[in-house]
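Reading through the structure tokens given below for one structure.
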Amino acid sequence: MRAALTSAYKDSLNDTNLLDADYIYSSFERPRNPEFGDLATPLFPYVKVLKKAPDKIFGEVSEALEIPKELGEASFAGGYINWKLNLGDFSKALLDECLSSEKQFGSSQAGAGKRILVEYSSPNIAKPFGIGHLRSTIIGASLKRVFEFLGHETVGINYLGDWGTQFGKMIVAYRTWDGEKAISEDPVRGAYNLYVRFHEEEDSNPSLSDQARKEFKKLEDGNPESVKLWEKFKDVSHREFQRVYDILGVEFDLVTSESFLNDKMESIIGRLTKANLTETSRGALIVNLEEYNLPPALLRKQDGATLYATRDIAGLVYRWNKYNFYESLYIVGSAQADHFKQAFKVIDLLESAENLSDKERMTERVKHIPFGWVKFEDKALSTRRGHLIMLEDVLKKAIYLAKEKIAEKNPDLAKSDNVAEQIGVGAIIYTQLSVRRLKDVNFTWAAALNFEGETGPYLQYTHARLCSLIRKYGKPVPGVERLDSELCEKMFSDQISRSLITTLARFPEELAHVARDYEPSHLCSYLTDLATLFNKFYQRKNSHGKLVRIIDEDENLTAVRMILVECLRRTIERGLNLLGLKAPQEM
RNA sequence: GCCCCCGUAGCUCAGUUGGAUAGAGCAGCAGUUUCCUAAACUGCGGGUCGCAGGUUCAAUUCCUGCCGGGGGUACCA
């Protein structure tokens, strides 16, 4: 819409010498109240320059402008020029693009040739998949889809935590408390109980920690018995994770793990040492980062074993060499912000020390995308202490509730089990995505299982309603040849309709914001706005309080409305899919 | 101590890379269905945008300090 207005006014504005067209173009904003107009230009910056009051400036501008009537009109209020476009041409062009264009509405090629790696989910082996892992999984999967839609090549990476001292702990626990029995009875919960018990007893029995460290060292040295146990833990976890990903509809291009990097750490440690960046401190091999106000990056512990940071640094180098990415994103909780700062700084120092060219450097391309905690009923979730909610339980409960709701609202629905799953899962996903990344979210059953108001099911319901209209119409949705400017102008003359079409037009812009901020919540807000406007449109009444139907006797107008319905349906479906929700046709 | 994040209506949150009278949902109350799906829509009530300064024509938005909550701070990940 900005582009439409700009191209229309650009030439005439250049002649006025009052406002330069570039300013107009860059300062368009949405009026707070849509009744003011479709776009607004604040005049305040000119008050000082021109030493004139805003209304005087507007007077001169409007005289100089000669606004063609068929374009629309400009009015002045509160220091702004409010532009009210004639939406005939605009809406016709928009609906035409949305309905017939070869590329999907909202998609773009802006990201062509820019490969983006997205690491998300990344659960730890030998721990159950809790509600806390959900956020990384959902945010990452959604960002990946959005980038792809914007033309990027993406590589979704699941980096499993399958290495580290925790496995020493697991092995000790397994041997001490008859792990074989526990795991054969219930693989997931059995392993989990061992883990929790270890941490409980560790407090009163510090020798357990020493044992665990020794066991991990044995594992790292390749002790066959240790490796065998470790593989058992991995196997159990893999199966559980896959079940959850199937329910969530989440996929990865690459499933890798910390242990994969085991043989890739020596070379990076060698490079760092050669670059004179390492030192020995308190028996450990470190990169000192004091100068950058960061704790040292530990590469090797006293006993020679490697750490998380060592593997992440090795992973950075490995991925850079293999993928030569435009960007590499790590969707990991904000608690690990310092860890990533350290790892990235080490890379930065190494690249500087080795005098790499800008093209060879990845420093500017690697980003930690942090997110806040998931708390449960106001308590932090801690796997170690057993405060954990199994994601599968949550999903099952949501699906069950959706099933009940369908039985109440639409008992004859075909494939209702399938739809119930889509709705239940959709509700849970939406609760995680609708809040800005960095905020903590407090998981409450009441909010997660609510299907009314600003929720996933609300969007799905709106989609189903749109589908229902198309079914009721009984004919194929009319083609673009049924669109003409005059009809469209009539169609979008009232305020709700205007807001609806101008909001629909914003879809590409909103996706760009999601990508810019790495923030799927923008898309949630946008889709909720769009759905709300449609629901108002759907239920608007004339001055006699009578419902204005979408399908009525006026065939031509109905044709345009049905095109709008189909465009809205596609956009909401597309938006839902980008978020990771299904868009059922009936519910 | 130092560093990072958060602080908007009773609750949960939006707030367009500074802009007009700060908006939704939930909860509460009152309505709307001769049914294009009421999982919706309409109306009502509800706010010192944590506090204090600063920058600016303009600050919920940027800067500084403080308060409150959370997190991190070398051999866990």
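Computed from a predicted model, the values in this text were never measured in an experiment. Quick note on labels: first sequence line is chain A, next is B, and so on, each numbered from 1.
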Nearest to the [X] side chain among [options], which nucleotide is it?
{"X": "A:I550", "options": "B:G70, B:A40, B:C36", "value": "B:C36"}
{"X": "A:A77", "options": "B:U37, B:A20, B:U73", "value": "B:A20"}
{"X": "A:S468", "options": "B:C36, B:A40, B:C13", "value": "B:C36"}
{"X": "A:R516", "options": "B:U16, B:A77, B:C41", "value": "B:U16"}
{"X": "A:R471", "options": "B:G72, B:U37, B:U16", "value": "B:U37"}
{"X": "A:Q166", "options": "B:A77, B:C41, B:U37", "value": "B:A77"}
{"X": "A:K536", "options": "B:U21, B:C57, B:C41", "value": "B:C41"}
{"X": "A:Y308", "options": "B:C35, B:U16, B:A77", "value": "B:A77"}
{"X": "A:R213", "options": "B:G71, B:C76, B:C36", "value": "B:C76"}
{"X": "A:P45", "options": "B:A77, B:A74, B:C57", "value": "B:C57"}

Contact class for [X] (heavy atom, under 4.0 Å): base, sugar-phosphate, or nothing?
{"X": "A:E510", "answer": "nothing"}
{"X": "A:V548", "answer": "base"}
{"X": "A:A40", "answer": "base"}
{"X": "A:Y473", "answer": "nothing"}
{"X": "A:V435", "answer": "sugar-phosphate"}
{"X": "A:R506", "answer": "nothing"}
{"X": "A:L307", "answer": "sugar-phosphate"}
{"X": "A:L401", "answer": "nothing"}
{"X": "A:R561", "answer": "nothing"}
{"X": "A:L547", "answer": "base"}
{"X": "A:G161", "answer": "nothing"}
{"X": "A:Q585", "answer": "base"}
{"X": "A:P370", "answer": "nothing"}
{"X": "A:A335", "answer": "sugar-phosphate"}

Using both distances under 3.5 Å as the test, list the Watson-Crick or G-U wobble partner of [N], or none.
{"N": "B:A74", "value": "none"}
{"N": "B:U32", "value": "B:A40"}
{"N": "B:G68", "value": "B:C6"}
{"N": "B:G18", "value": "none"}
{"N": "B:A59", "value": "none"}
{"N": "B:U12", "value": "B:A24"}

Can you work out whether A:L438 or A:E408 has the more 5'-proximal nearest nucleotide on RNA chain B?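 Nearest-nucleotide comparison on RNA chain B picks A:L438.
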
Residue whose nearest RNA chain B nucleotide is more 5′ - A:N33 or A:A284: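 With A:A284 and A:N33 compared, the 5'-side residue is A:N33.
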
Under 3.5 Å donor-acceptor pairs involving side-chain atoms of residues 206-213 of chain A, not counting sequence neighbours:
{"from": "A:S207", "atom 1": "OG", "to": "A:N205", "atom 2": "OD1", "distance (Å)": "2.9"}
{"from": "A:S209", "atom 1": "OG", "to": "A:E202", "atom 2": "OE2", "distance (Å)": "2.9"}
{"from": "A:S209", "atom 1": "OG", "to": "A:P206", "atom 2": "O", "distance (Å)": "3.3"}
{"from": "A:D210", "atom 1": "OD1", "to": "A:R213", "atom 2": "NH2", "distance (Å)": "3.0"}

Hey, does the side chain of [X] come within less than 4.0 Å of [N]'s phosphate (OP1/OP2), counting only N and O?
{"X": "A:R436", "N": "B:A14", "value": "yes"}
{"X": "A:R549", "N": "B:C36", "value": "yes"}
{"X": "A:Y526", "N": "B:U16", "value": "no"}
{"X": "A:R437", "N": "B:C6", "value": "no"}

Donor-acceptor side-chain pairing of [X] and [Y] below 3.5 angstrom:
{"X": "A:Y430", "Y": "A:T528", "result": "yes"}
{"X": "A:D162", "Y": "A:S259", "result": "yes"}
{"X": "A:Y458", "Y": "A:T532", "result": "yes"}

Going by an N to O cut-off under 4.0 Å, is there a salt bridge joining [X] and [Y]?
{"X": "A:K218", "Y": "A:E215", "value": "yes"}
{"X": "A:E452", "Y": "A:K405", "value": "yes"}
{"X": "A:R569", "Y": "A:E566", "value": "yes"}

Aromatic centroids of A:W163 and A:F216 separated by under 6.0 Å: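 Yes, close enough.
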
A:W445/A:F443 aromatic ring centres below 6.0 Å: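 Distance test on ring centres: under 6.0 Å, yes.
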
Under 3.5 Å, which protein N or O atoms sit close to an N or O of nucleotides 23-31 of chain B? Give each pair with its distance.
{"from": "B:A24", "atom 1": "O2'", "to": "A:E454", "atom 2": "OE2", "distance (Å)": "2.4"}
{"from": "B:G25", "atom 1": "O4'", "to": "A:E454", "atom 2": "OE2", "distance (Å)": "3.4"}
{"from": "B:G25", "atom 1": "O2'", "to": "A:E454", "atom 2": "N", "distance (Å)": "3.3"}

Would you say the base of B:U37 stacks on A:Y461 (centre-to-centre below 5.5 Å, plane angle below 30°)?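 Whether judged by distance or by angle, A:Y461 falls short somewhere, so it does not stack on the base of B:U37.
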
So, does the side chain of A:D338 form a donor-acceptor pair with the base of B:A74 at under 3.5 Å?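 Looking at the base of B:A74, it does not pair with any donor or acceptor on the side chain of A:D338 (distance under 3.5 Å).
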
Aromatic rings A:Y526 and A:F507: how do their planes relate, parallel, tilted or perpendicular, breaks at 30° and 60°?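 Ring orientation of A:Y526 relative to A:F507: parallel.
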
